[in-house]
Undergrad: 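Below is a structure I'd like to ask you about.
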Amino acid sequence: SWTAGDPRRSHGGERQMCTRHRAKPASSTEDQLAELRRVLAETQAALRAAEQRLTDQQDFYKTIFNQLKVEVAVFNAQEQYVFVNDKCVSNPTLRTWIIGKNNEEYCAHRQWPVALADKRQQMFREAVATRTEVAWEEALSADKGAQLIRRHFVPVFAADGSLRMM
């Protein structure tokens, strides 16, 4: 709309001022909801992409660990298995079952002597207490016959000094 004061000439030759009223449209509830939905969709897409990158990264490291010619087991600070490679536990069902279990539960499940679980627990605690790698030998009877296995516990500590994993 045109108002007086705009330096434009009207039909009669006099000058008038022009003011355009551009009121910002009031943000309606529907507009706010639409914006929230848009932001939510973007966030969900970013989350899915991050989850996919994490899955890809986990698959990458599992592939590497499963190609190693040695047994690899990773424990959390509560002495529970969080990862075992194929060389350590070849049976996929048992490999899935062991996650979240401790050595006492695993040895009982395999019907191995309690002393074996006790020794593993003792060595775990020694590695934590000394903050260094500990090694020992275990004699196991397995499907393949008697085996002598050299075990190592290597503690990994967080920046705050707490045990992160073994």
Side-chain angles (χ1 to χ4, degrees), residues 27-166:
S27 184
S28 68
T29 302
E30 292 82 18
D31 292 341
Q32 291 173 346
L33 284 173
E35 177 64 11
L36 286 173
R37 285 186 190 105
R38 185 190 65 74
V39 170
L40 179 60
E42 288 176 3
T43 303
Q44 288 172 330
L47 179 60
R48 282 190 297 277
E51 288 171 340
Q52 185 60 51
R53 285 191 305 273
L54 181 59
T55 298
D56 292 346
Q57 186 179 39
Q58 288 173 334
D59 290 345
F60 173 78
Y61 286 111
K62 282 182 180 179
T63 300
I64 291 171
F65 285 134
N66 284 327
Q67 296 303 311
L68 296 175
K69 303 294 184 207
V70 297
E71 294 182 6
V72 176
V74 180
F75 299 87
N76 63 20
Q78 293 74 43
E79 301 182 47
Q80 298 167 318
Y81 288 88
V82 293
F83 174 80
V84 292
N85 71 349
D86 296 351
K87 181 80 172 170
C88 185
V89 178
S90 59
N91 180 314
T93 304
L94 184 57
R95 201 168 45 248
T96 300
W97 175 87
I98 198 172
I99 303 304
K101 307 294 189 295
N102 60 32
N103 270 310
E104 184 179 340
E105 294 166 307
Y106 179 51
C107 289
H109 183 78
R110 297 294 301 257
Q111 298 177 344
W112 289 339
V114 172
L116 184 65
D118 291 343
K119 180 68 172 181
R120 289 178 178 186
Q121 184 179 54
Q122 173 194 349
M123 301 311 286
F124 187 100
R125 292 182 180 170
E126 182 180 326
V128 173
T130 62
R131 303 178 74 79
T132 60
E133 177 180 350
V134 296
W136 75 102
E137 290 183 350
E138 283 183 349
L140 287 178
S141 329
D143 299 336
K144 304 171 193 170
Q147 294 179 313
L148 186 61
I149 302 171
R150 184 145 178 91
R151 301 274 187 213
H152 297 261
F153 276 149
V154 181
V156 177
F157 294 94
D160 66 1
S162 64
L163 180 66
R164 183 168 177 211
M165 68 182 83
M166 179 78 67

Undergrad: Taking it one step at a time, do V89 and Y106 satisfy side chain to side chain contact (heavy atoms under 4.5 Å, CB included)?
TA: CA-CA 11 Å; V89 178; Y106 179 51; 3.9 Å; yes
Undergrad: So, do L116 and L140 sit near enough that their side-chain heavy atoms are less than 4.5 Å apart?
TA: yes
Undergrad: Taking M123 as the fixed residue, which of R125, K119, R120 is the one that meets the side chain to side chain contact (heavy atoms under 4.5 Å, CB included) rule?
TA: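 The residue from R125, K119, R120 that satisfies side chain to side chain contact (heavy atoms under 4.5 Å, CB included) with M123 turns out to be K119.
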Undergrad: If I take atom CZ from residue R53 and atom CD from residue E51, how far apart are they, to the nearest 0.5 angstrom?
TA: 10.0 Å
Undergrad: Roughly how far, to the nearest 0.5 Å, is CG of L33 from CG of L40?
TA: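 Separation between the atoms: 11.5 Å.
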Undergrad: Quick one: closest heavy-atom pair of P155 and F157, and the distance?
TA: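 So the minimum-distance heavy-atom pair works out to CB-CE1, 3.5 Å.
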Undergrad: Run the numbers on E79 and M166 for side chain to side chain contact (heavy atoms under 4.5 Å, CB included), then give the verdict.
TA: CA-CA 8 Å; E79 301 182 47; M166 179 78 67; over 6 Å; no
Undergrad: Atom NZ of residue position K101 - does it have more than 12 heavy atoms of other residues, nucleotides or ligands inside 6.0 Å?
TA: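 More than 12 heavy atoms, drawn from other residues, nucleotides or ligands, come within 6.0 Å of this atom.
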Undergrad: Examine distances only and state if a side-chain atom of E105 and a backbone atom of N102 form a donor-acceptor pair shorter than 3.5 Å.
TA: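 Answer holds: yes.
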Undergrad: For T43, enumerate each residue passing the side-chain contact (heavy atoms from CB on, under 4.5 Å) test, keeping only those at least two apart in sequence or located in another chain.
TA: V39
Undergrad: Should the heavy atoms of other residues, nucleotides or ligands under 6.0 Å from CD of Q80 be counted, would the total exceed 12?
TA: yes
Undergrad: Mark yes when over 12 heavy atoms from residues, nucleotides or ligands other than R164 sit less than 6.0 Å from its CZ; otherwise mark no.
TA: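 No, the 6.0 Å shell around CZ holds no more than 12 heavy atoms from other groups.
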Undergrad: Mind listing the closest non-hydrogen atom pair of P113 and C107 along with its distance?
TA: O-CB, 4.4 Å
Undergrad: To the nearest 0.5 Å, tell me how far R48 CZ sits from T55 OG1.
TA: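 Spacing of CZ (R48) from OG1 (T55) equals 13.5 Å.
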Undergrad: Would you confirm whether N85, through its side chain, and V72, through its main-chain N or O, come within 3.5 Å as a donor-acceptor pair?
TA: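 Yes.
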Undergrad: So, taking the atom named CG in D59 and the one named CD in Q57, what distance separates them when rounded to the nearest 0.5 Å?
TA: 10.5 Å
Undergrad: Given side chain to side chain contact (heavy atoms under 4.5 Å, CB included), test K87 with L68 step by step and report yes or no.
TA: CA-CA 8 Å; K87 181 80 172 170; L68 296 175; over 6 Å; no
Undergrad: Decide side chain to side chain donor-acceptor pair (under 3.5 Å) for Q52 and D56; before the verdict, give the C-alpha distance in whole Å, the side-chain angles of both, and the deciding distance to 0.1 Å.
TA: CA-CA 6 Å; Q52 185 60 51; D56 292 346; 2.7 Å; yes
Undergrad: Kindly write out the residues that satisfy side-chain contact (heavy atoms from CB on, under 4.5 Å) with A135, not counting sequence neighbours, or none if the list is empty.
TA: R150, H152
Undergrad: So how far is it from Q67 CD to D86 CG, rounded to the nearest 0.5 Å?
TA: 8.0 Å
Undergrad: Testing W112, F124, F75 for side chain to side chain contact (heavy atoms under 4.5 Å, CB included) with N103, which one passes?
TA: F75
Undergrad: Measuring from I98:CD1 to T93:OG1, what's the distance to the nearest 0.5 Å?
TA: 13.0 Å
Undergrad: For V156 and V74: C-alpha separation, side-chain torsions, deciding distance, then whether side chain to side chain contact (heavy atoms under 4.5 Å, CB included) applies.
TA: CA-CA 10 Å; V156 177; V74 180; over 6 Å; no
Undergrad: Are the side chain of T130 and the backbone N or O of E126 linked by a donor-acceptor pair below 3.5 Å?
TA: yes
Undergrad: Taking all heavy atoms of A127 and all of V134, pick out the closest pair and write down the distance.
TA: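 Heavy-atom minimum between the residues: CB-CG2, 3.8 Å.
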